[in-house]
Amino acid sequence: MKKNFEFERLQLKKHRWILLISAFLSQLSSLYFFTIIGRVDSTEANGVLKNYITLSGLASTISMCILVVYGTVIINRFLVTNYISENKTRLYVYPIGRSRLFYTKIASFCGVFSLFQFLGIAVSNAIYLVIETFTPILLTSESASKYFIPFMITALASVMLTISIIILSSLVGIYFNSTVTTIVTGIIFVVIFGNILAMAFASNVVITLGASILVALVTSIFIKITGMRIENDEVISK
């Protein structure tokens, strides 16, 4: 099992640094984009942008949307293409077992993607907070340093939601036997839940983290269901 996990993890090696840099740049650029808007625009409508928690939530949502699109492209190549059409014929004869291989692929993808996304976001958050502590751009009486933990909680919730959306999209793609469906589903999830997530991140980070854990648990149930379906699949090709 460990050897199989390591093998699958190595298949994602070329994506790790791209993922890390994408997470870092999207988070940091989004943080400063909303920070600058909050500073130059003093209208009541943009007053919320003078709060670091709100900025973290908005930036994490933008970063999540970008990484969902990138993640669905990766998981299409890594997972979905192996379980659609005639490609699954070769996979089904592997001695490791159908469902076990499927769960190993899911675990390796989640492990690599989650780790490097979190690292990218966490580093960008830390840099932003350090700079804002000593040379603040945002006009506020509060010190940015006190928001380190809330920023990291938001980052953790963002990672779980990103992974959940990507995995759910891939399961839909496998079910409908289509890689295009994976990407389309991911975009639909982002469009539907984008604004909701931004408001949730900006309101209460602890509740949002709890909701993210719940979504991850629901996703794990669908993973289990799909694994059982693959294990009992008698149709080799469609």
Side-chain angles (χ1 to χ4, degrees), residues 1-27 60 63-83 88 91 94-126 151-174 179 182-183 185-186 189-190 197 208-231:
M1 182 68 175
K2 185 177 180 180
K3 290 183 178 179
N4 293 323
F5 179 84
E6 287 299 318
F7 175 78
E8 297 298 340
R9 185 179 63 83
L10 288 175
Q11 305 307 304
L12 297 164
K13 184 177 180 180
K14 63 181 179 180
H15 298 289
R16 294 183 298 185
W17 291 110
I18 299 176
L19 174 59
L20 178 67
I21 294 171
S22 299
F24 174 81
L25 292 179
S26 61
Q27 182 74 4
S60 295
S63 178
M64 183 190 68
C65 293
I66 294 172
L67 293 174
V68 162
V69 176
Y70 180 56
T72 52
V73 173
I74 297 176
I75 205 167
N76 260 342
R77 299 173 182 175
F78 178 72
L79 180 74
V80 179
T81 53
N82 292 306
Y83 290 95
K88 58 185 178 181
L91 216 61
Y94 281 17
I96 185 178
R98 299 180 186 180
S99 60
R100 187 176 180 183
L101 179 59
F102 174 73
Y103 296 142
T104 301
K105 283 180 172 292
I106 290 286
S108 59
F109 177 84
C110 290
V112 171
F113 201 96
S114 298
L115 175 61
F116 284 89
Q117 181 188 356
F118 183 78
L119 285 176
I121 294 177
V123 172
S124 64
N125 283 345
F151 265 57
M152 294 307 165
I153 293 176
T154 301
L156 183 59
S158 175
V159 168
M160 286 192 288
L161 288 172
T162 302
I163 283 293
S164 295
I165 291 176
I166 294 172
I167 295 299
L168 287 173
S169 299
S170 70
L171 299 182
V172 173
I174 292 173
T179 55
T182 302
I183 298 176
T185 304
F189 277 137
V190 165
L197 293 175
T208 305
L209 178 61
S212 301
I213 294 173
L214 179 61
V215 172
L217 290 174
V218 172
T219 302
S220 66
I221 293 174
F222 281 103
I223 291 173
K224 183 65 176 180
I225 293 172
T226 303
M228 293 171 62
R229 178 174 172 267
I230 289 172
E231 185 69 34

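Note that the numbering runs from 1 along the sequence shown for the chain.
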Worked check of side-chain contact (heavy atoms from CB on, under 4.5 Å) between L168 and T185 = CA-CA 8 Å; L168 287 173; T185 304; over 6 Å; no
inquiry  = For R98 and R229: C-alpha separation, side-chain torsions, deciding distance, then whether side-chain contact (heavy atoms from CB on, under 4.5 Å) applies.
reply    = CA-CA 10 Å; R98 299 180 186 180; R229 178 174 172 267; over 6 Å; no
If you measure from [atom1] on [X] to [atom2] on [Y], what distance do you get to the nearest 0.5 Å?
{"X": "R16", "Y": "L10", "atom1": "CZ", "atom2": "CG", "answer": "7.5 Å"}
{"X": "I106", "Y": "I166", "atom1": "CD1", "atom2": "CD1", "answer": "11.0 Å"}
{"X": "L12", "Y": "L19", "atom1": "CG", "atom2": "CG", "answer": "9.5 Å"}
{"X": "I183", "Y": "S170", "atom1": "CD1", "atom2": "OG", "answer": "12.0 Å"}
{"X": "F189", "Y": "S164", "atom1": "CZ", "atom2": "OG", "answer": "10.0 Å"}
{"X": "S124", "Y": "F151", "atom1": "OG", "atom2": "CZ", "answer": "9.5 Å"}

request  = Ignoring hydrogens and angles, tell me if any N or O in the side chain of S63 forms a donor-acceptor pair with the backbone of S60 under 3.5 Å.
outcome  = no
ask   = Any sub-3.5 Å donor-acceptor pair from S158's side-chain atoms to T154's backbone N or O?
value =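 Checked: no pair found.
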Nearest heavy-atom pair of [X] and [Y]: which atoms, and what distance?
{"X": "S26", "Y": "I66", "result": "CB-CD1, 3.7 Å"}
{"X": "G173", "Y": "V80", "result": "C-CG1, 4.2 Å"}
{"X": "H15", "Y": "Y70", "result": "ND1-OH, 3.4 Å"}
{"X": "G227", "Y": "S99", "result": "O-CB, 3.5 Å"}
{"X": "I165", "Y": "G186", "result": "CG2-O, 4.3 Å"}

task = Check whether any side-chain heavy atom of T182 lies under 4.5 Å from a side-chain heavy atom of S169, and answer yes or no.
result = yes
task = Check whether any side-chain heavy atom of I167 lies under 4.5 Å from a side-chain heavy atom of I75, and answer yes or no.
result =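 SC-SC contact between I167 and I75 confirmed.
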Name the atoms and distances for all side-chain donor-acceptor pairs under 3.5 Å in residues 108-117, with sequence neighbours left out.
| residue | atom | partner | partner atom | Å |
| --- | --- | --- | --- | --- |
| S108 | OG | T104 | O | 3.1 |
| S108 | OG | K105 | O | 2.9 |
| S114 | OG | C110 | O | 2.6 |
| Q117 | NE2 | T162 | OG1 | 3.1 |

request  = Check the pair T179 / T81 against side-chain contact (heavy atoms from CB on, under 4.5 Å), numbers first and verdict last.
outcome  = CA-CA 7 Å; T179 55; T81 53; 3.6 Å; yes
remark   = Of I223, T226, I230, the one forming a side-chain contact (heavy atoms from CB on, under 4.5 Å) with Y103 is I223
query = In chain order, what residues pass the ring pair (Phe, Tyr, Trp, His ring centres under 6.0 Å) check against F102, with sequence neighbours excluded?
reply = Y83
query = What's the verdict on side-chain contact (heavy atoms from CB on, under 4.5 Å) for M160 and L209, showing C-alpha distance, side-chain angles and the deciding distance?
reply = CA-CA 9 Å; M160 286 192 288; L209 178 61; 3.3 Å; yes
